[in-house]
Every structure is written in structure tokens, then in C-alpha cells.
Amino acid sequence: MKFSGLTERTAGDGVDAWQVHYDALARLEAGDDIILLSVGQETEERTPAHIVDAAIDSLRAGRHHYPPVSGNHDLRRAVADYHFQRTGQRVSEANCAIFAGAQNALFAVAQCILEAGDEVILSAPYYTTYPATFTASGAALVSVPVKAKNQFQIDPGDIIKAMTRRTRAVVLNSPNNPLGVVYSRERYAPIVRACVERGIWLIADDVYQELLTEEELRERGSPTTLPGAGRVCVSVSSLSKSHRMTGWRIGWVVGPEELVRHLYHLAVCMSYGLPAFIQDAALAALAGGTATAREIRRHLDRRRDLVLRQLGGVPGLELFSAAGGMFVVFDISGMTAAVSARRFARGLLERHNVAILPCDGFGAAGARLLRVSLCVDEQRLEDACGRIADYVDSLH
């Protein structure tokens, strides 16, 4: 039987890169002692009790019927307030739409603004699902790699140079996954100006900004507050990382009202809204403030320091880690043994029971990079670092 071209556009390296992770999960479920460092979630932690209680209370109150398709009005108002607190951009509930996580939100936005013949610019390395997310519409991906000599910061000139008459969107992820790099207002400004002048959308994947300190947020700034940005900027975020709610699947889009109306039409035929009891839990999460995010950040800072200490002196590994995100990335280009990121990750899992994510699915710039999650306790993380060092030594 014949399948649509969509099936090819949603497959490929970005999906295949996860195979090591899925194999590790299967072994873990079978009872093997696997240290799982291949995913950005605190697998040993739970969603705060007051959020869980809000969902239970909501269910018991009968909040399990069809909800408003774009999201409950009180949650959308809360998202608008939260967005203002985090970015400084004043918006209303009419600018907000609720989706099943940031991933679903990004996909929905792509479907509403991109089509065959368009181009979308990504800063590489980028998150593994981006190619499928943005090319499912038929648009072509244009990758603009960041440079190590610039500490992996975006170069506005390179992104503007990549714009053509076919460019319809630029996607920027700050803090970046996998590198954790935070982009400043000064770096955003020329890009926003070019987008406004040329009628190009700027999609800001802000899911990791929730883990930044208040000082880092001020330094980062937001593209949404720059002159003219309200017309072209779309911000996507969620509660997954900041409130330990990865499995709840709750996220949002903040953008121009006209886009939100189109997102509503798409949601009508795609999901018809999210369960009201999950939205009530999200409302409780937002009302609870940033205490959980601050606790997560403290854990991440300690674990990042641990990994940098343990692996910093290993011959052949070049480590990189910035303040944002949940990961440390290391480059194996300096190893005497020629080995790809995927082969390295596969061997580490098979020989030492440690799962890390190869970054070859993050674009060509990630061919020799590997991502280590900081989401297990310090003892397990230290043990994993020892096994990684042993594996590198065996390859030499």
C-alpha cells in the first residue's frame, strides 16, 4: 500500500538517534541495571503533591468533559501573566493557546505557518525532533551551525545571510538543547529586525528558560519585547522541565491573535482540547510559583560541576556546558580512535550499561557530540562518569 510523503519527512536521523535510549529503556524494564542519562527528565522525582492533588480534586469534581478547544480561560489568563513575568511582553488570553506539551505546540505552529516551497532556518545543533516537526509541512530545512570559537553562540549575521525570499520562519531555542547556551537580547535584535522587515516568523522555543535564575533571565532578555516583535514572534513553552510534569503533556503557544485563531481551527480537528483536570493541575502549578524550578536548578548546578570534574581530564574528550538546560555535552573529535557519536553511545550501553544520547540527530554539527543528562542523583552520575572514562580509555 502507498503512504504519503509525510511518513518520510517524519523519519530519519532525528528519530533514529533515540534508538539507543529506547534500547536502554527496554533493558531497564527487563531488570538490567542501566544508568539512564539519555533523556531530559528527572526520572527519580515526582510531580509536586499540590499539583497532583489539584488533578485528583478536579477529576472528583467531574472535570472530565470536553474543554474549550484552545484551553480553559483561567489557564490561558495564567499563562499570559506567567509569560509577562518571564519575558516582559504584555499579552492577554487571546494571545495564548494550550497544547499537549511544547513539542505538540511547535508542530501545530509549523502546520499553520509553513507549507511546501517554504524554508525554515534552524540554528544547529538543534533538538532531534526539529527536522520532522518543521518539514512535515513540506517546508525545507536550512541549517546554520554555531561555532565553537564563539562559545556556540548564534551569529545573527550568519542567520540573516541564510534568509532568502522563500524563508518563512527562523527557529531559535534558548537555553539551547543540547548545549545549554543562552542567547542575549543583543544577539536577538538584528534577527528580529530582519524578520520584521521581511515578514518572517521567529519561533522561540523557550522551554528551558523556566530553569534560569532571575538574573540570567534579565541578561537573556526576550525577542518578544523587541520593536515590532509582537507581529512576528511566537513563544512556545511548557511545565515539563520546570514543574516535573513531563508526562502530563501540557504546554502553550503565545503569539499574535490571528495565529491563535488558526491554531484553534487546527486543534478542533486534531485534539479537540486537553483534559480539563490536567489543565487544572497546570493552573495549580503556575499558582505555586517557581520554587520547584529553583530546586531543580540547584540539583542541576551540583551535578554539572560533578560531571565537569569527573570527565574534564579524560584524554580525547572536550566538554561543554552552559548555565541553561539539563545536560553536559562532550566532543569526541579529539579521540585517537575514529568513532561516530552513535557508535560511541551504542558501545557504552553494551559494555558499561550507561545510556547517553548521540547528537548526530541534532544536525551535521552534532556528528561527534554526545549529550549527558544531569537528571539522576550524584552517586549514580559519578558512577556513570567512571564508566564513561573507562570506555574512552578502552577505545584509545
Looking at side-chain heavy atoms only, is the closest gap between His83 and Ser235 below 4.5 Å?
yes
Check: Arg249 side chain, Thr246 main-chain N or O, donor-acceptor pair, under 3.5 Å:
yes
Shortest non-hydrogen pair, Gln209 vs Thr87, comes out as NE2-CG2, 4.1 Å
Quick check on His50: does its NE2 atom have over 12 non-hydrogen neighbours (other residues, nucleotides or ligands) under 6.0 Å away?
yes
Evaluation steps, side chain to side chain contact (heavy atoms under 4.5 Å, CB included), between Leu202 and Cys233
CA-CA 5 Å; Leu202 176 62; Cys233 271; 3.7 Å; yes
Lys241 side chain to Gly40 main-chain N or O, any donor-acceptor pair under 3.5 Å?
yes
Can any side-chain N or O of Ser58 pair as donor or acceptor with the backbone N or O of Ala55 at less than 3.5 Å?
no
Between Val109 and Val234, what is the shortest heavy-atom contact and its length?
CG2-CG1, 4.1 Å
Without swapping roles, check the side chain of Asp305 against the backbone of Arg302 for a donor-acceptor pair under 3.5 Å.
no
In the hydrophobic cluster built from side-chain contacts under 4.5 Å, what are the other members alongside Phe107?
none
State the OH-CG distance between Tyr264 and Leu259, to the nearest 0.5 angstrom.
15.5 Å
Side-chain contact test, heavy atoms from C-beta onward, threshold under 4.5 Å: evaluate it for Ser137 versus Glu115 and give yes or no.
no
Find out whether Leu311 and Val328 are in side-chain contact, i.e. whether some heavy atom of one side chain is under 4.5 Å from a heavy atom of the other.
no
Is the distance between the ring centroids of Phe344 and Phe330 less than 6.0 Å?
yes
Tyr127 and Tyr130 aromatic ring geometry - parallel, tilted or perpendicular at 30°/60° bounds:
perpendicular
Is there a path of hydrophobic side-chain contacts, each under 4.5 Å between heavy atoms, that joins Trp248 and Val253?
no
Kindly indicate whether the side chain of Thr167, heavy atoms from C-beta on, has any atom under 4.5 Å from the side chain of Val142.
no
Under the side chain to side chain contact (heavy atoms under 4.5 Å, CB included) rule, what do His243 and Ser238 come out as? Steps first, then yes or no, please.
CA-CA 9 Å; His243 289 75; Ser238 80; over 6 Å; no
For a quick test of reading the model, state the closest non-hydrogen atom pair linking Leu211 to Leu300 and the distance between them.
CD1-CD1, 3.9 Å
Does the salt bridge (Lys or Arg N to Asp or Glu O under 4.0 Å) test come out yes or no for Asp206 and Arg86, once each step is laid out?
CA-CA 10 Å; Asp206 294 334; Arg86 305 301 278 173; over 6 Å; no
Just to verify, what does Arg380 make a side-chain hydrogen bond (donor to acceptor under 3.5 Å, both in side chains) with, not counting sequence neighbours?
Asp33
Side chain to side chain contact (heavy atoms under 4.5 Å, CB included) for Arg187 and Ile159? Distances and angles first, verdict last.
CA-CA 11 Å; Arg187 290 186 182 270; Ile159 290 175; over 6 Å; no
Whether Asp331 side chain and Ser333 backbone form a donor-acceptor pair below 3.5 Å:
yes
For Phe84, the hydrophobic cluster (side chain heavy atoms closer than 4.5 Å, chained through members) also holds none
Indicate yes or no: at least one non-hydrogen side-chain atom of Asp158 is less than 4.5 angstrom from one of Lys147.
yes
Contact between Phe327 and Pro175 at the side-chain level, heavy atoms closer than 4.5 Å - yes or no?
no
Distance check, rounded to the nearest 0.5 Å: Leu381 atom CG versus His299 atom NE2?
13.0 Å
Quick one: do Leu274 and Tyr66 end up in the same hydrophobic cluster if we chain Ile, Leu, Val, Met, Phe, Trp and Tyr together by side-chain heavy atoms under 4.5 Å apart?
no
Less than 4.5 Å apart, any side-chain heavy atom of Ile98 and any of Asn72?
no
Output yes when a side-chain donor or acceptor of Arg342 lies under 3.5 Å from a complementary backbone atom of Pro358, and no otherwise.
no
Any side-chain donor paired with an acceptor under 3.5 Å for Asp383 and Gln379?
no
Interatomic distance, Gln279 atom CD to Ile250 atom CD1 [nearest 0.5 angstrom]
5.5 Å
Atom CG in Leu370, atom CG in Asp360: separation rounded to 0.5 Å?
8.0 Å
Are Tyr126 and Asn173 close enough, and set up right, to give a side chain to side chain contact (heavy atoms under 4.5 Å, CB included), and what steps lead you there?
CA-CA 8 Å; Tyr126 42 71; Asn173 172 212; over 6 Å; no
Tyr82: partners by side-chain hydrogen bond (donor to acceptor under 3.5 Å, both in side chains), with sequence neighbours left out
Glu210
Distance check, rounded to the nearest 0.5 Å: Asn177 atom CG versus Met326 atom CE?
10.0 Å
Check whether Ile113 and Ile121 end up in the same hydrophobic cluster, where Ile, Leu, Val, Met, Phe, Trp and Tyr are linked by side-chain heavy atoms less than 4.5 Å apart.
no
State, yes or no, whether a side-chain contact exists between Tyr188 and Leu172 at a heavy-atom distance under 4.5 Å.
yes
Separation of Met163 CE from Ile200 CD1 (nearest 0.5 Å):
4.5 Å
Tell me if a side-chain donor or acceptor on Gln153 pairs with a main-chain N or O of Val182 at a distance below 3.5 Å.
yes
With sequence neighbours excluded, residues passing salt bridge (Lys or Arg N to Asp or Glu O under 4.0 Å) with Arg244
Glu42, Glu295
Tell me, please, which residues at least two apart from Arg77 pass salt bridge (Lys or Arg N to Asp or Glu O under 4.0 Å).
Glu93
Give me the atom names and distance for the closest heavy-atom approach of Pro227 to Val192.
O-CG1, 4.1 Å
Checking side-chain polar atoms at under 3.5 Å, does Ser240 have a donor or acceptor matched by the opposite partner on Gln41?
no
Between Ile332 and Val339 the two heavy atoms that sit nearest each other are CD1-O, 3.4 Å
When you check the side-chain N and O atoms of Gln89 and Ser222, is any donor under 3.5 Å from an acceptor?
no
Of all the heavy-atom pairs spanning Leu36 and Val376, show the shortest one and how long it is.
O-CG1, 3.7 Å
For Pro178, is there any backbone N or O sitting under 3.5 Å from a side-chain donor or acceptor partner on Arg371?
no
Checking Asp23 against Arg346 for the salt bridge (Lys or Arg N to Asp or Glu O under 4.0 Å) test, could you report, in this order, the C-alpha distance in whole Å, the side-chain angles of both residues, the deciding distance, and whether it holds?
CA-CA 9 Å; Asp23 290 348; Arg346 174 64 60 188; 2.8 Å; yes
Can you list the steps and then say if Asp301 with Arg297 is a salt bridge (Lys or Arg N to Asp or Glu O under 4.0 Å)?
CA-CA 6 Å; Asp301 286 347; Arg297 174 60 187 267; 2.9 Å; yes
